[in-house]
Amino acid sequence: MIAAEPQMTGTPADTTPALSLQRLSRHFGATRALRDVSLDIAEGEFFTIVGPSGSGKTTLLRILAGLDRPTSGALLLRGQDVTLQPPNKRPTAMVFQSLALFDHRSVGQNVEFALKMRGVGAEARKTRALELLELVRLGADYYGRPVTQCSGGERQRVALARALASDPEILFFDEPLSALDYRLRKTLEVELRGLQRRTGRTFVYITHSLEEAMVMSDRIGIMKDGALVQVGTPSQIYDRPRDRFVARFMGEVNILEIRDGRLVELDTPLPGRADGYLVLRPEALSPTESGLPIRCTVLERFQLGSRVQLHLDTPAGLMIAEQPASCTLQAGDEATFSFDPDAAHRVSE
Amino acid sequence: MKQRAGYLFMAPVALFLLVGFATPIFIVGWYSLIEPRTFELTSDLTLANYRAAFTEGYGGPFYWSILGAFATVATCALLAWPTAKMLHARAGRGAAIVTGLIAVPIFVSESVRLFGLSLFLMPGGGILAGSLKALFGVSIGTVLNTKIAVWLGLVYVHFPFMLFPLLLGVALIPQDRIDAARDLGASRWQVLREIELPLALPGLAIGALLTFVLCIGANAEAAILGGQAVTVVTRAIEQRFSYAQDWPMGAALTMLVTLVTALVVFPVLSRIDLNRLIRR
């Protein structure tokens, strides 16, 4: 059972992917919600799909769970083609965005649902349900409570326990934390990640929150207009985005165009770099003259806890820099910021 | 300050129910307790009529009315469930037209519809028998003047009363609950039993009660389609009040029907959450 044997998730012993998506497409009439998505998700991996709303991530997850069928393409689960298999025949479980708790049932009945459907006896079901309630940190006294009397965070945990009940090989999460307040979300992110490590199960998680993805994932896939535009570890995607869309999606960024060996907006020569765009994270700009200098005026100063964010008026327009809170620059100050153009990441589109 | 509707707003309907419902029930109740075949409201009260109701062959009419009502409720529910699911899933112009078509017969007099149905069911030259004979050479006996015909008529007349509350009930089932149940391993049958029926229960119960109450009081179906095949309790009551001129007996039977209805309706009504049905 799930909690019994902790195992590490580093290198999967089996090389057959837990899930193999092969050119999955889904069309709704003329709308192409999903275009040729191909991807392998390894056994025991925490894989997060990130994208703006309408990018097709929920459609993709529904196909993975069997709640929808692709227009074309195939889905292999541990090497078995399950493209047309109904959801109740798949060894997977999903935590829904709405949680979809059965409000006409108690917490215990919700958690036991999958076991009841499999014909597990009442005694064994209850034992397992209590175990799961413990695992999601609710405790046995929640067993008989109506779900309608649970708070947002408790409902979240009930949904998680319910999905875990049948010991699924793969768990799907459709933005389950989006309705919770910030603190609770942070707590649950850490708990989910811990749970995933303890159980060694494959988690496929969907969110529009990059922060959530960065905290929890082994790998991230970025979706845009129904296509998977980049797949990689959080740091790969943050440091080496494939294009300006990914760069912008992964947080605050300054983008400078390179054309014919010059930085267009700054009107400065930049020999040796091909045409494209330089991606400068706010922390890459520092108020020194050690690299390529930019004359600017500080427009705004925002305190972000231990750091400050500065909005700069530069010849290239608004640029954003981040500095330790000890930085003394104030709104209205003239300054020179600089960056190392050789270290800066370039994208071609 | 917002002023809430006070008890005065209840006055018109309360007055109407007092004059139109409570008073007649009281008079009927009184009549049921006086000597058989008399009209003496001032005489001594007796339970003789109720004793007669259980000993003098009124069991048959009661049995047929109650059985007919239950059979109609069950049949209508079985027919209305898939219809409601389909209309809900395909909500739009098409569904609105179908819903309208199902409602239209309500605007036609019930007797007219039942005579139409009797033409359909008539033996020999009737539409059903005649068509079967002409097209397939199959001869069937009569359907008209049988209990089957009464049952068909009851279902036909009362189907909308089951369907429309059930449509509201089916609308109470969120699709994501069905998805979640499927995802957790429920077969379609298990989804129906564990999720859909419990969630749609308020609508189903209201539909069933409406149908049941209307069927218990139905008379025309048995009279027009059943011929002499079956005597329903409303027919027996009518005979007591008219030909037999035995008002106390008719009143006792009426009180018993009312009691049976109440015994079915109140337990069900107390278990369903009407607020949920009107999304409050």
Side-chain angles (χ1 to χ4, degrees), chain A residues 58 61-69 85-106 109-120 125 129 132 147-148 155 158-176 204, chain B residues 77 81 84-85 88-95 165-208 267-280:
Chain A
T58 296
L61 201 67
R62 288 179 63 82
I63 288 175
L64 299 188
L67 297 170
D68 193 7
R69 287 180 179 180
Q85 210 170 64
N88 55 329
K89 304 280 183 212
R90 298 187 187 197
T92 62
M94 176 143 150
V95 177
F96 288 75
Q97 180 166 25
S98 62
L99 303 183
L101 291 181
F102 305 137
D103 287 333
H104 60 297
R105 298 271 190 261
S106 68
Q109 286 170 324
N110 267 271
V111 175
E112 287 174 4
F113 189 84
L115 301 173
K116 191 177 174 193
M117 295 305 106
R118 285 162 178 75
V120 178
R125 288 207 303 260
L132 286 160
V147 245
T148 42
R155 290 171 67 85
V158 174
L160 183 59
R162 186 179 73 173
L164 286 167
S166 63
D167 203 7
E169 290 167 23
I170 304 173
L171 270 112
F172 300 116
F173 296 86
D174 185 6
E175 303 203 34
V204 181
Chain B
W81 180 266
K85 283 283 287 177
H88 181 66
R90 295 173 192 276
R93 258 180 63 114
L166 196 54
L167 267 176
L168 287 178
V170 164
L172 295 175
I173 312 171
Q175 180 61 37
D176 64 354
R177 307 300 199 281
I178 298 175
D179 285 346
R182 292 283 285 157
D183 184 62
L184 291 165
S187 64
R188 288 186 189 283
W189 170 244
Q190 285 172 318
V191 170
L192 176 71
R193 209 181 52 204
E194 299 282 336
I195 308 298
E196 294 182 299
L197 282 180
L199 288 178
L201 193 62
L204 186 63
I206 295 287
V268 178
L269 211 52
S270 68
R271 274 159 202 260
I272 54 176
D273 186 358
L274 279 178
N275 284 336
R276 210 164 80 74
L277 197 63
I278 55 174
R279 293 168 190 274
R280 200 158 63 177

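The chains referred to below are lettered A, B, ... by the order of the sequence lines, with proteins before strands, and numbering in each begins at 1.
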Would you check if A/Met94 and B/Asp179 make a side-chain contact, meaning some heavy-atom pair closer than 4.5 Å?
no

Please name the pair of heavy atoms, one in A/Arg118 and one in B/Gly185, separated by the smallest distance, quoted to 0.1 Å.
NH1-CA, 4.0 Å

Which pair of heavy atoms, one from A/Asn88 and one from B/Ser187, lies closest together, and at what distance?
ND2-CA, 3.5 Å

Part of A/Arg62 lying under 4.5 Å from any heavy atom of chain B:
side chain

What are the two closest non-hydrogen atoms of A/Asp103 and B/Arg177, and how far apart are they?
OD2-NH2, 3.4 Å

Output for pair (B/Glu194 CD, A/Lys116 NZ), nearest 0.5 Å, gives 3.5 Å

Measure distances from A/Ala159 to the heavy atoms of chain B and classify the residue's part below 4.5 Å as side chain, backbone, both or neither.
neither

Short side-chain to backbone donor-acceptor contact, B/Arg182 and A/Pro86, under 3.5 Å:
no

Side chain to side chain, A/Arg90 and B/Asp183, heavy atoms closer than 4.5 Å
no

Are any non-hydrogen side-chain atoms of B/Leu184 and A/Met117 less than 4.5 angstrom apart?
no

Looking only at B/Ile195, B/Leu201, B/Leu199, B/Val191, the option with the highest number of non-hydrogen pairs under 4.5 Å against chain A is B/Ile195

Let me know if B/Ile178 has heavy atoms under 4.5 Å from chain A in its side chain, its backbone, both or neither.
neither

If I measure from the heavy atoms of chain B, does A/Leu115 come under 4.5 Å with its side chain, its backbone, both, or neither?
neither

For atom CZ of B/Arg90, is the number of surrounding heavy atoms from other residues, nucleotides or ligands below 6.0 Å larger than 12?
no

